[in-house]
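These notes concern the structure reproduced below.
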There are 2 protein chains.
Amino acid sequence: MDNQELRKAGLKVTLPRVKILQQLEDADGRHMSVEDIYRALLEAGEDVALPTIYRALEKFEQAGLVESHKFEDGPAVYELAQDEHHDHMFCLDTNKVIEFVDPEIEKRQKMIAEQHGYELVDHTLVLYVRPKKKS
Amino acid sequence: MDNQELRKAGLKVTLPRVKILQQLEDADGRHMSVEDIYRALLEAGEDVALPTIYRALEKFEQAGLVESHKFEDGPAVYELAQDEHHDHMFCLDTNKVIEFVDPEIEKRQKMIAEQHGYELVDHTLVLYVRPKKKS
DNA sequence: ATGAATGCAAAAACTTTGCATGACG
DNA sequence: CGTCATGCAAAGTTTTTGCATTCAT
(Lines give C-alpha, C1' and ligand atoms only; values in the text may rest on other atoms or scores of the structure.)
Protein backbone atom coordinates (compact mmCIF):
# COMPACT_ATOMS: atom_id res chain seq x y z
CA MET A 1 0.00 0.00 0.00
CA ASP A 2 2.85 2.36 0.77
CA ASN A 3 4.50 0.85 -2.22
CA GLN A 4 1.84 2.37 -4.39
CA GLU A 5 2.36 5.78 -2.84
CA LEU A 6 6.07 5.62 -3.43
CA ARG A 7 5.79 4.27 -6.91
CA LYS A 8 3.19 6.85 -7.79
CA ALA A 9 5.58 9.53 -6.58
CA GLY A 10 8.23 8.23 -8.92
CA LEU A 11 10.41 6.94 -6.10
CA LYS A 12 12.20 3.65 -6.07
CA VAL A 13 10.51 1.33 -3.59
CA THR A 14 13.00 0.10 -1.03
CA LEU A 15 12.55 -1.52 2.35
CA PRO A 16 13.96 1.42 4.32
CA ARG A 17 11.67 3.83 2.52
CA VAL A 18 8.62 1.73 3.13
CA LYS A 19 9.48 1.40 6.80
CA ILE A 20 10.07 5.11 7.22
CA LEU A 21 6.80 5.95 5.55
CA GLN A 22 5.03 3.45 7.78
CA GLN A 23 6.36 5.17 10.84
CA LEU A 24 4.87 8.43 9.71
CA GLU A 25 1.57 6.73 9.01
CA ASP A 26 1.58 5.04 12.39
CA ALA A 27 2.40 8.39 13.99
CA ASP A 28 -1.07 9.37 12.86
CA GLY A 29 -0.68 13.09 12.85
CA ARG A 30 2.04 13.47 15.43
CA HIS A 31 5.16 15.07 14.08
CA MET A 32 8.31 12.97 14.15
CA SER A 33 11.93 13.99 14.05
CA VAL A 34 14.53 11.94 12.23
CA GLU A 35 15.71 10.74 15.61
CA ASP A 36 12.17 9.71 16.55
CA ILE A 37 11.87 7.66 13.40
CA TYR A 38 15.30 6.17 13.89
CA ARG A 39 14.52 5.01 17.41
CA ALA A 40 11.07 3.77 16.53
CA LEU A 41 12.55 1.64 13.78
CA LEU A 42 15.25 0.31 16.07
CA GLU A 43 12.63 -0.76 18.58
CA ALA A 44 10.75 -2.42 15.79
CA GLY A 45 13.88 -4.36 14.99
CA GLU A 46 14.50 -2.49 11.77
CA ASP A 47 17.98 -1.09 11.49
CA VAL A 48 18.01 1.93 9.21
CA ALA A 49 20.91 4.36 9.16
CA LEU A 50 20.32 7.99 10.05
CA PRO A 51 21.58 9.34 6.71
CA THR A 52 19.15 7.06 4.97
CA ILE A 53 16.30 8.57 6.92
CA TYR A 54 17.43 12.08 6.10
CA ARG A 55 17.75 11.21 2.46
CA ALA A 56 14.45 9.39 2.28
CA LEU A 57 12.57 12.25 3.93
CA GLU A 58 14.21 14.70 1.57
CA LYS A 59 12.93 12.69 -1.35
CA PHE A 60 9.50 12.32 0.19
CA GLU A 61 9.28 16.03 0.70
CA GLN A 62 10.34 16.80 -2.84
CA ALA A 63 7.69 14.37 -4.02
CA GLY A 64 5.07 16.09 -1.88
CA LEU A 65 4.48 13.04 0.30
CA VAL A 66 5.62 14.64 3.53
CA GLU A 67 6.11 18.09 4.97
CA SER A 68 8.82 19.23 7.33
CA HIS A 69 8.71 21.99 9.90
CA LYS A 70 11.08 23.53 12.35
CA PHE A 71 9.51 24.69 15.59
CA GLU A 72 11.60 26.89 17.86
CA ASP A 73 14.96 25.19 18.14
CA GLY A 74 15.59 21.49 17.95
CA PRO A 75 15.43 19.13 15.03
CA ALA A 76 13.14 19.33 12.03
CA VAL A 77 9.95 17.34 12.35
CA TYR A 78 8.01 15.58 9.64
CA GLU A 79 4.41 14.69 8.97
CA LEU A 80 2.54 13.12 6.11
CA ALA A 81 1.33 15.70 3.64
CA GLN A 82 -2.37 16.31 3.94
CA ASP A 83 -4.88 17.35 1.37
CA GLU A 84 -5.38 20.84 2.66
CA HIS A 85 -2.62 23.14 3.76
CA HIS A 86 -2.51 24.05 7.42
CA ASP A 87 -0.48 26.06 9.87
CA HIS A 88 0.62 25.19 13.37
CA MET A 89 0.12 26.24 16.93
CA PHE A 90 2.83 25.12 19.32
CA CYS A 91 2.09 24.95 23.03
CA LEU A 92 5.09 26.15 25.01
CA ASP A 93 3.94 24.29 28.10
CA THR A 94 3.18 20.90 26.65
CA ASN A 95 5.00 20.96 23.30
CA LYS A 96 1.70 19.93 21.79
CA VAL A 97 1.17 20.84 18.15
CA ILE A 98 -2.24 21.88 16.92
CA GLU A 99 -3.04 22.39 13.29
CA PHE A 100 -5.32 25.05 11.94
CA VAL A 101 -6.23 26.93 8.79
CA ASP A 102 -7.57 30.42 8.45
CA PRO A 103 -8.68 31.29 4.95
CA GLU A 104 -8.56 34.98 5.73
CA ILE A 105 -4.92 34.81 6.81
CA GLU A 106 -4.08 32.76 3.75
CA LYS A 107 -5.73 35.29 1.51
CA ARG A 108 -4.01 38.26 3.05
CA GLN A 109 -0.58 36.66 2.83
CA LYS A 110 -0.96 36.24 -0.88
CA MET A 111 -2.22 39.78 -1.18
CA ILE A 112 0.67 41.22 0.79
CA ALA A 113 3.25 39.39 -1.29
CA GLU A 114 1.64 40.66 -4.46
CA GLN A 115 1.43 44.20 -3.18
CA HIS A 116 5.19 44.08 -2.86
CA GLY A 117 5.64 42.75 -6.37
CA TYR A 118 6.21 39.16 -5.36
CA GLU A 119 4.60 35.83 -5.91
CA LEU A 120 3.90 33.87 -2.72
CA VAL A 121 5.69 30.55 -2.99
CA ASP A 122 5.35 29.25 0.53
CA HIS A 123 4.97 30.42 4.06
CA THR A 124 5.46 29.33 7.63
CA LEU A 125 3.17 30.47 10.37
CA VAL A 126 3.59 29.16 13.88
CA LEU A 127 1.67 30.48 16.84
CA TYR A 128 3.46 29.94 20.12
CA VAL A 129 0.82 29.65 22.78
CA ARG A 130 0.19 28.81 26.40
CA PRO A 131 -2.94 27.41 28.03
CA LYS A 132 -5.20 30.30 28.92
CA LYS A 133 -4.95 30.89 32.62
CA LYS A 134 -8.33 31.18 34.27
CA SER A 135 -8.52 34.47 36.13
CA MET B 1 24.99 56.22 23.46
CA ASP B 2 24.90 52.45 23.22
CA ASN B 3 26.18 52.50 26.73
CA GLN B 4 22.92 54.03 27.82
CA GLU B 5 20.93 51.38 26.05
CA LEU B 6 22.89 48.64 27.67
CA ARG B 7 22.84 50.19 31.08
CA LYS B 8 19.15 50.86 30.82
CA ALA B 9 18.64 47.22 29.99
CA GLY B 10 20.49 46.25 33.14
CA LEU B 11 23.42 44.81 31.26
CA LYS B 12 27.03 45.30 32.16
CA VAL B 13 28.65 47.61 29.63
CA THR B 14 31.68 45.97 28.11
CA LEU B 15 33.66 46.75 25.01
CA PRO B 16 32.61 43.61 23.13
CA ARG B 17 28.95 44.28 23.85
CA VAL B 18 29.16 47.85 22.69
CA LYS B 19 30.91 46.81 19.50
CA ILE B 20 28.37 44.11 18.78
CA LEU B 21 25.49 46.46 19.32
CA GLN B 22 27.15 48.99 17.03
CA GLN B 23 27.33 46.44 14.27
CA LEU B 24 23.61 45.90 14.47
CA GLU B 25 23.02 49.62 14.43
CA ASP B 26 25.29 50.10 11.45
CA ALA B 27 23.52 47.26 9.70
CA ASP B 28 20.57 49.62 9.64
CA GLY B 29 17.80 47.14 9.26
CA ARG B 30 19.67 44.36 7.54
CA HIS B 31 19.68 41.13 9.47
CA MET B 32 23.05 39.86 10.61
CA SER B 33 24.14 36.39 11.60
CA VAL B 34 26.66 35.80 14.34
CA GLU B 35 29.18 35.04 11.64
CA ASP B 36 28.38 38.33 9.89
CA ILE B 37 28.99 40.24 13.07
CA TYR B 38 32.14 38.31 13.76
CA ARG B 39 33.63 39.06 10.37
CA ALA B 40 32.53 42.67 10.40
CA LEU B 41 34.27 43.15 13.70
CA LEU B 42 37.40 41.42 12.48
CA GLU B 43 37.54 43.74 9.49
CA ALA B 44 37.09 46.66 11.82
CA GLY B 45 40.11 45.44 13.74
CA GLU B 46 38.04 44.32 16.71
CA ASP B 47 38.73 40.80 17.77
CA VAL B 48 35.71 39.35 19.54
CA ALA B 49 35.29 35.63 20.08
CA LEU B 50 32.32 33.85 18.59
CA PRO B 51 30.99 32.55 21.92
CA THR B 52 31.05 36.09 23.20
CA ILE B 53 28.84 37.17 20.35
CA TYR B 54 26.42 34.35 20.95
CA ARG B 55 26.28 35.15 24.63
CA ALA B 56 25.92 38.87 24.10
CA LEU B 57 23.08 38.44 21.63
CA GLU B 58 21.37 36.05 23.99
CA LYS B 59 21.47 38.70 26.68
CA PHE B 60 20.35 41.41 24.28
CA GLU B 61 17.42 39.33 23.22
CA GLN B 62 16.39 38.60 26.79
CA ALA B 63 16.58 42.30 27.46
CA GLY B 64 14.39 43.03 24.47
CA LEU B 65 17.12 44.96 22.65
CA VAL B 66 17.33 42.63 19.68
CA GLU B 67 15.24 40.00 17.98
CA SER B 68 16.42 36.82 16.35
CA HIS B 69 14.88 34.92 13.47
CA LYS B 70 15.58 31.74 11.60
CA PHE B 71 14.74 31.80 7.93
CA GLU B 72 14.68 28.50 6.06
CA ASP B 73 17.92 26.80 6.97
CA GLY B 74 21.13 28.56 7.83
CA PRO B 75 22.16 30.42 10.93
CA ALA B 76 19.96 32.59 13.12
CA VAL B 77 19.93 36.25 12.17
CA TYR B 78 19.56 39.24 14.45
CA GLU B 79 18.16 42.73 14.18
CA LEU B 80 17.61 45.58 16.58
CA ALA B 81 14.22 45.40 18.19
CA GLN B 82 11.85 47.95 16.74
CA ASP B 83 8.94 49.73 18.29
CA GLU B 84 6.27 47.89 16.43
CA HIS B 85 6.18 44.20 15.79
CA HIS B 86 6.57 43.05 12.21
CA ASP B 87 6.74 39.89 10.18
CA HIS B 88 9.04 38.97 7.32
CA MET B 89 8.98 38.21 3.66
CA PHE B 90 12.00 36.32 2.38
CA CYS B 91 12.85 36.42 -1.32
CA LEU B 92 14.02 33.02 -2.47
CA ASP B 93 15.83 34.52 -5.45
CA THR B 94 17.72 37.33 -3.79
CA ASN B 95 17.62 36.38 -0.10
CA LYS B 96 16.28 39.85 0.51
CA VAL B 97 14.22 40.31 3.64
CA ILE B 98 11.22 42.63 3.64
CA GLU B 99 9.33 43.54 6.76
CA PHE B 100 5.61 44.02 6.95
CA VAL B 101 2.72 44.16 9.37
CA ASP B 102 -0.87 43.26 8.76
CA PRO B 103 -3.18 44.17 11.60
CA GLU B 104 -5.85 41.83 10.35
CA ILE B 105 -3.51 38.84 10.41
CA GLU B 106 -2.33 39.82 13.85
CA LYS B 107 -5.88 40.03 15.10
CA ARG B 108 -6.89 36.69 13.68
CA GLN B 109 -3.89 34.92 15.15
CA LYS B 110 -4.85 36.04 18.59
CA MET B 111 -8.43 35.04 17.95
CA ILE B 112 -7.50 31.59 16.74
CA ALA B 113 -5.29 30.91 19.73
CA GLU B 114 -8.09 31.94 22.04
CA GLN B 115 -10.66 29.86 20.23
CA HIS B 116 -8.51 26.87 21.04
CA GLY B 117 -8.23 27.84 24.70
CA TYR B 118 -4.78 29.32 24.45
CA GLU B 119 -3.10 32.60 25.03
CA LEU B 120 -0.96 33.81 22.14
CA VAL B 121 2.56 34.34 23.44
CA ASP B 122 4.46 34.82 20.21
CA HIS B 123 4.37 33.88 16.58
CA THR B 124 6.56 33.57 13.55
CA LEU B 125 5.26 34.33 10.10
CA VAL B 126 7.55 34.20 7.12
CA LEU B 127 6.37 34.52 3.55
CA TYR B 128 8.71 32.89 1.07
CA VAL B 129 8.36 34.75 -2.17
CA ARG B 130 9.77 35.17 -5.64
CA PRO B 131 9.74 38.23 -7.87
CA LYS B 132 6.51 38.22 -9.85
CA LYS B 133 7.32 37.10 -13.36
CA LYS B 134 5.84 39.36 -15.97
CA SER B 135 3.69 37.28 -18.30
C1' DA C 1 22.98 -4.08 -16.35
C1' DT C 2 22.61 0.46 -14.92
C1' DG C 3 21.47 3.79 -12.12
C1' DA C 4 19.92 4.85 -7.80
C1' DA C 5 19.70 3.83 -2.60
C1' DT C 6 22.13 2.26 1.42
C1' DG C 7 25.47 2.08 5.27
C1' DC C 8 29.41 3.56 7.40
C1' DA C 9 32.53 6.89 8.75
C1' DA C 10 33.79 11.25 8.56
C1' DA C 11 32.91 16.00 8.17
C1' DA C 12 30.23 20.18 8.08
C1' DA C 13 27.48 23.84 10.09
C1' DC C 14 25.87 26.05 13.97
C1' DT C 15 25.78 26.62 18.78
C1' DT C 16 26.87 25.73 23.62
C1' DT C 17 29.81 24.74 27.68
C1' DG C 18 33.83 24.49 31.11
C1' DC C 19 37.15 26.80 32.96
C1' DA C 20 40.82 30.07 33.83
C1' DT C 21 41.62 35.00 33.24
C1' DG C 22 40.27 39.67 33.12
C1' DA C 23 37.20 43.66 33.49
C1' DC C 24 32.94 46.34 35.28
C1' DG C 25 30.51 48.51 38.99
C1' DC D 1 36.57 43.26 45.69
C1' DG D 2 32.99 40.31 44.17
C1' DT D 3 30.68 39.14 40.35
C1' DC D 4 29.94 38.77 35.85
C1' DA D 5 31.92 38.77 30.91
C1' DT D 6 35.50 37.09 28.03
C1' DG D 7 38.49 33.92 25.36
C1' DC D 8 39.99 29.63 24.27
C1' DA D 9 39.38 24.99 23.41
C1' DA D 10 36.51 21.45 23.42
C1' DA D 11 32.22 19.26 22.91
C1' DG D 12 27.24 19.09 21.54
C1' DT D 13 23.55 18.77 18.17
C1' DT D 14 21.71 18.33 13.87
C1' DT D 15 22.53 17.49 9.19
C1' DT D 16 25.37 16.47 5.05
C1' DT D 17 28.82 14.14 2.15
C1' DG D 18 32.12 10.60 0.04
C1' DC D 19 32.54 6.30 -1.20
C1' DA D 20 32.15 1.41 -1.63
C1' DT D 21 28.42 -1.99 -1.70
C1' DT D 22 23.80 -3.50 -2.57
C1' DC D 23 19.36 -3.32 -4.54
C1' DA D 24 15.39 -2.07 -7.69
C1' DT D 25 13.84 -2.00 -12.16
Side-chain angles (χ1 to χ4, degrees), chain A residues 1-23 31-42 44-63 65-78 95, chain B residues 1-23 31-42 44-63 65-78 95:
Chain A
M1 35 205 71
D2 294 329
N3 305 25
Q4 291 316 311
E5 292 226 61
L6 287 170
R7 218 178 294 278
K8 216 167 54 184
L11 295 173
K12 201 177 275 192
V13 178
T14 68
L15 197 64
R17 286 183 177 174
V18 171
K19 294 299 179 188
I20 292 164
L21 203 46
Q22 270 177 10
Q23 283 303 322
H31 299 65
M32 298 184 84
S33 68
V34 166
E35 194 69 23
D36 289 338
I37 296 173
Y38 178 69
R39 281 203 298 261
L41 287 176
L42 270 193
E46 310 287 343
D47 201 342
V48 179
L50 278 172
T52 300
I53 302 176
Y54 278 104
R55 288 191 272 227
L57 290 170
E58 189 185 14
K59 286 289 184 181
F60 293 174
E61 187 166 21
Q62 286 166 6
L65 260 56
V66 315
E67 285 182 5
S68 75
H69 312 284
K70 294 200 51 122
F71 301 127
E72 46 170 29
D73 46 5
V77 291
Y78 298 82
N95 283 15
Chain B
M1 36 203 71
D2 293 329
N3 304 26
Q4 291 316 312
E5 292 225 61
L6 286 170
R7 220 178 293 278
K8 215 169 52 184
L11 294 174
K12 200 177 275 191
V13 179
T14 68
L15 197 64
R17 285 182 178 176
V18 172
K19 294 299 179 187
I20 292 164
L21 203 46
Q22 271 177 10
Q23 283 304 320
H31 298 66
M32 298 184 84
S33 67
V34 167
E35 193 69 25
D36 290 338
I37 295 173
Y38 178 70
R39 282 201 298 261
L41 287 176
L42 269 192
E46 312 287 345
D47 201 340
V48 180
L50 278 172
T52 300
I53 302 177
Y54 278 103
R55 289 190 270 227
L57 290 171
E58 188 185 14
K59 287 286 186 185
F60 295 174
E61 187 167 20
Q62 286 165 6
L65 261 55
V66 315
E67 285 182 5
S68 74
H69 310 284
K70 295 199 53 124
F71 300 127
E72 43 170 32
D73 44 5
V77 293
Y78 298 82
N95 284 13

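Keep in mind it's a predicted model, so treat the numbers as computed, not measured. Below, chains carry the letters A, B, ... as their sequence lines are ordered, and counting in each starts from 1.
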Worksheet entry | Closest-nucleotide ordering on DNA chain D, the 5'-leading residue of I20(B) and P75(A) |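 Its nucleotide being nearer the 5' end, the pick is I20(B).
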Fill in: Test item: V18(B) and Q22(B) side chains (from C-beta on) under 4.5 Å apart, heavy atoms
yes
Item to complete: With heavy atoms under 4.0 Å as the rule, sort A76(A) into base, sugar-phosphate or nothing.
Response: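 Contact class for A76(A): sugar-phosphate only.
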Item to complete: With heavy atoms under 4.0 Å as the rule, sort D47(A) into base, sugar-phosphate or nothing.
Response: sugar-phosphate
Rounded to the nearest Å, what distance is computed from the [atom1] atom of residue [X] to the [atom2] atom of nucleotide [N]?
{"X": "F71(A)", "N": "dT14(D)", "atom1": "CZ", "atom2": "C1'", "value": "17 Å"}
{"X": "K70(A)", "N": "dT15(C)", "atom1": "NZ", "atom2": "C1'", "value": "12 Å"}
{"X": "Y38(B)", "N": "dT6(D)", "atom1": "OH", "atom2": "P", "value": "15 Å"}
{"X": "L42(A)", "N": "dG7(C)", "atom1": "CG", "atom2": "P", "value": "11 Å"}
{"X": "I53(B)", "N": "dG7(D)", "atom1": "CD1", "atom2": "P", "value": "9 Å"}
{"X": "R39(B)", "N": "dA13(C)", "atom1": "CZ", "atom2": "P", "value": "12 Å"}
{"X": "L6(A)", "N": "dA5(C)", "atom1": "CG", "atom2": "P", "value": "11 Å"}
{"X": "L15(B)", "N": "dT6(D)", "atom1": "CG", "atom2": "P", "value": "9 Å"}

Item to complete: May I ask you to verify if any side-chain N or O of Y54(A) is less than 4.0 angstrom from the OP1 or OP2 atom of dT15(D)?
Response: yes
Discussion item. With a 4.0 Å limit, can you tell me whether R55(A) has a side-chain N or O closer than that to the phosphate oxygens OP1/OP2 of dT17(D)?
Written reply: no
Fill in: DNA chain C: 5'-proximal contact among R7(B) and V34(B) (nearest heavy atom)
V34(B)
Practice prompt. On DNA chain C, check which nucleotide each of P16(A) and T14(B) is closest to and give me the residue with the more 5' one.
Written response: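 Result: P16(A).
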Worksheet item: Does R7(B) use its side chain to pair, donor to acceptor, with the backbone of K12(B) at less than 3.5 Å?
Response: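 No.
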Worksheet item: Nearest of dA24(D), dC8(C), dA5(D) to any side-chain atom of K12(A)?
Response: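 Closest nucleotide among those given: dA24(D).
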Worksheet item: Of all the nucleotides listed (dT25(D), dA5(C), dA5(D)), which has the minimum atom distance to the side chain of K59(A)?
Response: dA5(C)
Worksheet item: Considering all heavy atoms of both residues, which atom of H31(B) and which atom of F71(B) are nearest to each other, and what is their separation?
Response: CD2-CE1, 4.4 Å
Worksheet entry | Worked check of side chain to side chain contact (heavy atoms under 4.5 Å, CB included) between L65(A) and K59(A) | CA-CA 9 Å; L65(A) 260 56; K59(A) 286 289 184 181; over 6 Å; no
Worksheet item: Just how far is it from atom CE of M32(B) to atom CD1 of I20(B), taken to the nearest 0.5 Å?
Response: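 So the gap between those two atoms works out to 10.5 Å.
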